[in-house]
Amino acid sequence: MRANRWLASVAGAAILAACGGGGEAGEQAGAEGVPADGDMLVVGLATDLDTMFPPTSESVTSSDVYGNVYWYLMRSEPDFIHFRPGLADSFSFSEDSLQVTFHIHPGVTWHDGEPFTADDVVFAHEVCKAPEINWSAVSWLDHITDVEAVDSLTVRFTYDERYMYQVVDANVCYPLPEHILGDVPLAEMANHPIARAPVGNGPFRFVSWSSGQEVVLEANPDFVLGRPHLNRISYRIIPDATNLATQIQNGDVDLFPRVTPPSLYPQFENDPDLVMHSYPGRSYSYIAWNTQDPIFQDKRVRQALTLASDRQAIVDALLYGQGRVGTQPLISTIWAHDPTIAPWPFDPDSAKALLEAAGWVDTDGDGIREKDGRRLSFTMKTNNDNRLRVDIATVLQQQYQAIGADVQPVTLEFNTFIEQLLAKDFQSAVAGWNVGIKAELAPTFGEGELFNFVSADNPELQRLIPEAELTRDMEAAKALWSRAQRIIVDEAYYTFLFQLNDMHAIDSRFQNADMNAYGWSFNIEEWYVPEGRQKYNVPVGAAPVALGGGR
Amino acid sequence: MTGFIIKRTLQAIPILLGASTLIFLLMHAAPGDPTSMYLRPDIDPVVIEQMRKNLGLDQPVHVQYVRWLSSFATGDFGYSFSQKRPIVDIIKDTLPNTMLLSGIALLVIFAVGVVIGTIQAVRQYSWIDNVATIGAFFFYSMPSFWFGLMLILLLSYKLQWLPASQMTSVNFEFLPASEQWLDRLKHLLMPAVALGIGGAASVARYMRSGMLEQVRQDYVRTARAKGLSERVVIFKHAMRNALIPIITLLGLYLPFLVGGAVLIETIFAWPGIGRLIVTAIFQRDYPVVLATAFVSAIVVVLGSFIADVLYTVVDPRVRVDEGEA
């Protein structure tokens, strides 16, 4: 999870209100019983992994799994700014802050028993940077000019400038076992057996992967921070949500990560055997208005339609309350989020007034406004595989009817939808962004950028974005990001619909699970089942099944 | 017989080539390509360009076609974009699972269908005939995915008799060998029934009408007049003839079982080739779609071939090469 969590999108150190600020979360406060070793966790995954070779993996599902097999030098806290020891005990900055030195814990080994050294870190960075590998997050390494093994337990990163994310960027690329991959040509590395049978250095080691069916990990008794409590984790691939829901309720599956569809929430919440973890997730949904379209050129129309959107009703009805009304692009998990920016209110009367001021009046009495012979009638595109978005478009159709606007939802296959968005071939669209950990607005609102399909061109905004990016003082940067965001909100390029909660359902016998914006398996090595409640008696190292070699 | 096989094999070549070419063109005509899913603000467009280059997608379609065809002809299916491993490995993983599921489903379809249809014909208009007729229409008109979900709700959730998904239990490797066998069977039962029941209902209808037609024939009356027992009349004479149209159905069902298992494989989390095809289409994983479509086409050709061979077994008049009476 770690890698993809981090590269999952638009960068930054997110100050997260995971504990406490999270709102309606079912935080598991106290843990019951005494920590004990044993038992197995059965996780239901909707899709199979793509690969377990971190640099070529593109799926969050995969990183959820190999993130427990491979481990970082330093582990990020859920705020993505602070770090705790991982394979390294500590790190230190050089005088000029252009170098960061990590001190690896002595005695760490790979799962095959070979020692883990600074050379593995250096090697991994060569792999991550190689064009043959074409790692999708390679731009995170842009400022790292050199990675050098000072001695076998000391590794030093050199940067071309000082910036906020130096430690983050040094930890994005997982260390890889040089003793296994050192002689493998880069072009063949992605197809090496290790991609399907990883040899890592984390709390859990690989047991087996039967394609489309199951991935099994077991406790690594020699883990640097101590043996994890759970003996085994079985990830079962169950694509059908109804089936998965059935199995977590009858106890065959212990954990349903990222519960979807939301209609399952009430059902799970009423199940006494399940504990729900809910916290603001790292994504938001929005309506995009194409400002090049004749109707939406006028920002008053965009503002009016925002005022006419009852977003709280959408959160309550379609998300079963598990979300918060959106206010701004830098969502609550990012440090630059400005909580003082209030959402546009739901105010149909003001919306009508704004439309009239903009010249849109219903002259022929058919309930739809007109201006210069054009009806206030437009299409709203979205992708048909996302039930929630289709429902949103339908709800909005009714809400806009009330202020004299006519919307026709158009649902498209995902690839077609993206293609039309990027080609600016739309009037309005319901879409969403996954958000990373760095504060960034340029890709979506910067002039001429591929993903600026709303054609945001406010001159002050275009000046503020690069300025904020280059500002190193956190408070000054925050103020600049806030100003930029207020312009985006006022221009109403987007109608920010909501920030959806991440919801995970887990069997109540598991204790000490701290799920947060970092991911549901944030501290999985610390989860345990008290002795009396253990369900499976599966020994560690009993039936090693090596697939395709590697162990 | 040898000549027949050679002839059919030669006939299969243009069919397979045509089907693959058509699918190749259709896939490339669809919007998006395998890199579409990486179109995100956080991924540098340069990376995506490099990706397209590495995958050969920057070439014109006809170049891609020739490349694909020449490697295909040498038996190289290429690499999966999404699973990042050779497609041959993927098919080796999934095809046997589908074959197992489909094989058992086929057994359900024909064993159940033929038996019920025969009973119905022999006991025409009895209560058992009427009940079976209603049942047949019920199962025939029911979508298999819905029936599958109902089975899961009833047998896995309410009664907890059978496992709801996968091919084996989580603790499979720790079970003794005898229980492993039982464990597999338990996992197989629901998907096979859900996949086969609709077909069984339809086979039963065919079998019933086929048998009814046969028992009215003169040769059956003659057989009875000869003093043959009813058992011999029904099973040796009438049934053998009634089975001929059923054999045609078998040829039709074989390919359906590869493609038709898509929904069942998804619902029961069965790691088969049907699920693979659908996932690959959505991910625009061209090489996987082409390879699996090719395998399906082979199964279709094989299915009709097997049906033709089976005709000769059931109906001596069809024997072409070997002129025995």
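Chain naming here is simple, since letters A, B, ... match the order of the sequence lines and numbering starts at 1 in each.
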- request: Could you tell me which portion of B:Ile267 (side chain, backbone, both or neither) has an atom closer than 4.5 angstrom to a non-hydrogen atom of chain A?
  value: both
task: Examine whether an atom of B:Ser169 lies under 4.5 Å from a heavy atom of chain A, and if so say whether it belongs to the side chain, the backbone or both; otherwise answer neither.
output: backbone
- prompt: Using non-hydrogen atoms only, which part of B:Phe145 is less than 4.5 Å away from chain A: side chain, backbone, both, or neither?
  reply: neither
query: Of the backbone (N, CA, C, O) and the side chain (C-beta and beyond), which part of B:Ile90 lies under 4.5 Å from a heavy atom of chain A, both, or neither?
result: neither
message: Quick check on A:Thr246 against chain B: is it the side chain, the backbone, both or neither that has a heavy atom closer than 4.5 Å?
response: both
- prompt: Heavy-atom distance under 4.5 Å to chain B: side chain of A:Glu419, backbone, both or neither?
  reply: side chain
task: Answer yes if the ring centres of A:Phe451 and A:Trp433 are under 6.0 angstrom apart, and no otherwise.
output: yes
query: Donor-acceptor pair, B:Ser70 side chain versus B:Arg67 backbone, under 3.5 Å?
result: yes
Part of A:Glu132 lying under 4.5 Å from any heavy atom of chain B: backbone
- line: Residue from B:Gln83, B:Lys158, B:Gln50, B:Arg85 scoring the most non-hydrogen pairs under 4.5 Å with chain A is B:Arg85
task: For A:Asp507, check side chain to side chain contact (heavy atoms under 4.5 Å, CB included) against everything at least two apart and list the hits.
output: A:Asp254, A:Arg509, A:Phe510
A:Gln247 portion near chain B, given a 4.5 angstrom heavy-atom threshold: side chain
- request: Name the region of B:Ser82, side chain, backbone, both or neither, that has any atom closer than 4.5 Å to a heavy atom of chain A.
  value: backbone
message: Can you tell me how far apart CG (A:Asn134) and CG (A:Leu186) are? Round to the nearest 0.5 Å.
response: 12.0 Å
message: Need one label for A:Leu422: side chain, backbone, both or neither, based on atoms under 4.5 Å from any heavy atom in chain B.
response: side chain
task: Could you verify whether a donor N or O on one side chain and an acceptor N or O on the other, from A:Asp50 and A:Ser57, lie under 3.5 Å apart?
output: yes
